[in-house]
Amino acid sequence: MKRPGLPEGRADWLARFVIPHEAALRHWLARRTGLRLEVDDVVQETYAVLAGLEDVGHVHNPRAYLFATAHSVILQHVRRAQIVPIETVAEFDHPDMPHDDLSPDRYAISRQELRWMSTLIAELPAKCREAFLLRKVEGFSQREIARRMGISENTVEKHISKGLRLLMDTVVRGEGPRPARTSAGKEKGQEHDAAVLPQKH
Amino acid sequence: MMRQCSRKNIDDIAASWVARQDRAAMLPADDAELAAWLALDRRHLGAYARACAVFGRFDRLRALQGDGSRPVHPYRYGAAGMASRRRFLYLAAGGAAAAAACLVGGISLRTPSRRLSTRFGEVARTVLPDGSTLVLDSATEVVLQISRSRRRLALVRGAIRLDAVQGDRRPFEVAASIARIVVPVAASLAVRERAGDAVDVVVRRGGAELLEEAARLATPVRLGANMLASVVAGQPLQLVALSAVEVRRRLSWCDGMLSFDGDTLAEAAAEFARYSRFRLVIDDRKTAAMRVVGRYAADDPAGFARTVALSLGLRVRRDDGGVHLGSNG
């Protein structure tokens, strides 16, 4: 799908190669205390940089690239802020960026991935979840979903929007076996407490 | 950073745009409204890109459902929360993938005297027998003599960063072409041999004593943390106090990064030329004078060019000679 503001295929690239590492990135950022930067702000700006890249063909290791981009976002902010606590700079002197040499094949269809996604969707409010599943699993259009659920198209759009909004918060918990702590989980507006989730299945 | 709109609001708006796009093809007026919103604040683009990505991520569900599972009637999901959840989890039973770890080892030196060098574009880090850490910059050569009685490093060409540990009665000596540095305490410093008989010494931590080889200095000059000493043949010694940030920037080559803080593109291109054969060519003088800020991988001048072109509104052109950056006009 063509997205205004994003180069062709970029949304898909982000979905496949960046979203799976966002939890690890947030975890890494959150451990760097002393920064007067919100993890969410750094992540948002990192996405803006990745969205604006002319081409991502040169990116062989999206995970390392993601971390390096976030790192440079922080450094630019640190410079802009002028007053730099020395500890802050020291923290970033030798970034122990976690590296990952796994190939993109890792993101091939896996049952683990399905389990992760289904857990996130299962947490959505009932109507949101239903609309989301009809859209994403069954592939119905929003119009068709409206007909099946007996609600207006506008309401379907709202359910989809709300569902996506909630998933934008919960998706950062990550797919891996290690639960990632994020600042997002502590903020209000988060409708589900991470603590009630099963950590293992 | 602009703060007129909270992050949560931005995410709300981004999600609603993605839902609207998903509903049907957007009208030109909607497209224009979205474009205007994206142009308003850089964070909007980030949030929107992320919303698109999260939404797209769940497209995988359809493919995954086809993975050996029967198609599921949609209304099953709509019933009670727990039941639908259990049903969904049941479909998702499966194993976990193993992750491989990547270990990067360093070399350690055992012999008391040794010549070390790096090739062009290479940055090497090594741990010395006394526990000090040495980083060699691109195209650098040193001769090391480490024994029980002395610790000496001769810088033949290039640049080093030395994180010296305190020696029991043995200071660490660094000898460059026209300067000698004695490090009696634990210290972190960088020494660069520059063209035309010049040596730069930057002390990051601890202290050192500087002696000019030509013995024009009667007594050693003490260098404290965050000081730069420029020794140029035939000229008076220059001492400059640097900010901690500036020191860090000057040492950023150690972790394979180049960092710029208001340097011109011409200067940046020259820096990259020290690490990569891949040429970064600045096409016109106006562009060459533009200033850049940021930290970039030293071995990726093409990535630097792309990023800079994006932020400064420049044109990027590739040919056999390398990457060209020029103004759009």
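First the proteins, then the strands, lettered A, B, ... as listed; each starts at 1.
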Select one option (side chain, backbone, both, neither) describing which atoms of Arg306(B) are under 4.5 Å from chain A's heavy atoms.
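Contact with chain A is through the side chain of Arg306(B) alone.
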Sort Ala51(B) into side chain, backbone, both or neither according to what part of it lies under 4.5 angstrom from a heavy atom of chain A.
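Contact with chain A is through both the backbone and side chain of Ala51(B).
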To the nearest 0.5 Å, what is the distance between CG (Leu167(A)) and CZ (Arg129(A))?
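So the CG of Leu167(A) and the CZ of Arg129(A) are separated by 11.5 Å.
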Taking side chain as everything from C-beta outward and backbone as N, CA, C, O, which of these in [X] sits under 4.5 Å from a heavy atom of chain B? Side chain, backbone, both or neither.
X         : value
Val49(A)  : both
Glu153(A) : both
Arg10(A)  : neither

Minimum heavy-atom distance Ala51(A)-Leu6(A), with the two atoms named:
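In this case the closest contact between Ala51(A) and Leu6(A) is CB-CD2, 3.3 Å.
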Among Thr307(B), Asp31(B), Leu45(B), single out the residue with the greatest number of heavy-atom pairs under 4.5 Å to chain A.
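Ranked by heavy-atom pairs under 4.5 Å with chain A, first place is Leu45(B).
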Among Arg23(B), Arg42(B), Met26(B), who wins on heavy-atom pairs under 4.5 Å with chain A?
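Sorted descending by pairs with chain A, the first entry is Arg23(B).
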Are the side chain of [X] and the backbone N or O of [Y] linked by a donor-acceptor pair below 3.5 Å?
X         : Y         : answer
Glu123(A) : Leu166(A) : no
Lys136(A) : Phe55(B)  : yes
His44(B)  : Trp37(B)  : yes
Arg43(B)  : Gln44(A)  : no

With chain B as the partner, which of [options] has the greatest number of non-hydrogen pairs under 4.5 Å?
options                         : answer
Arg135(A), Arg143(A), His159(A) : Arg135(A)
Leu14(A), Asp12(A), Leu53(A)    : Leu14(A)
Gly139(A), Gly163(A), Ala146(A) : Gly139(A)

Apply salt bridge (Lys or Arg N to Asp or Glu O under 4.0 Å) to residues Arg291(B) and Asp263(B) and explain how you reach the verdict.
CA-CA 5 Å; Arg291(B) 297 188 179 275; Asp263(B) 302 66; over 6 Å; no
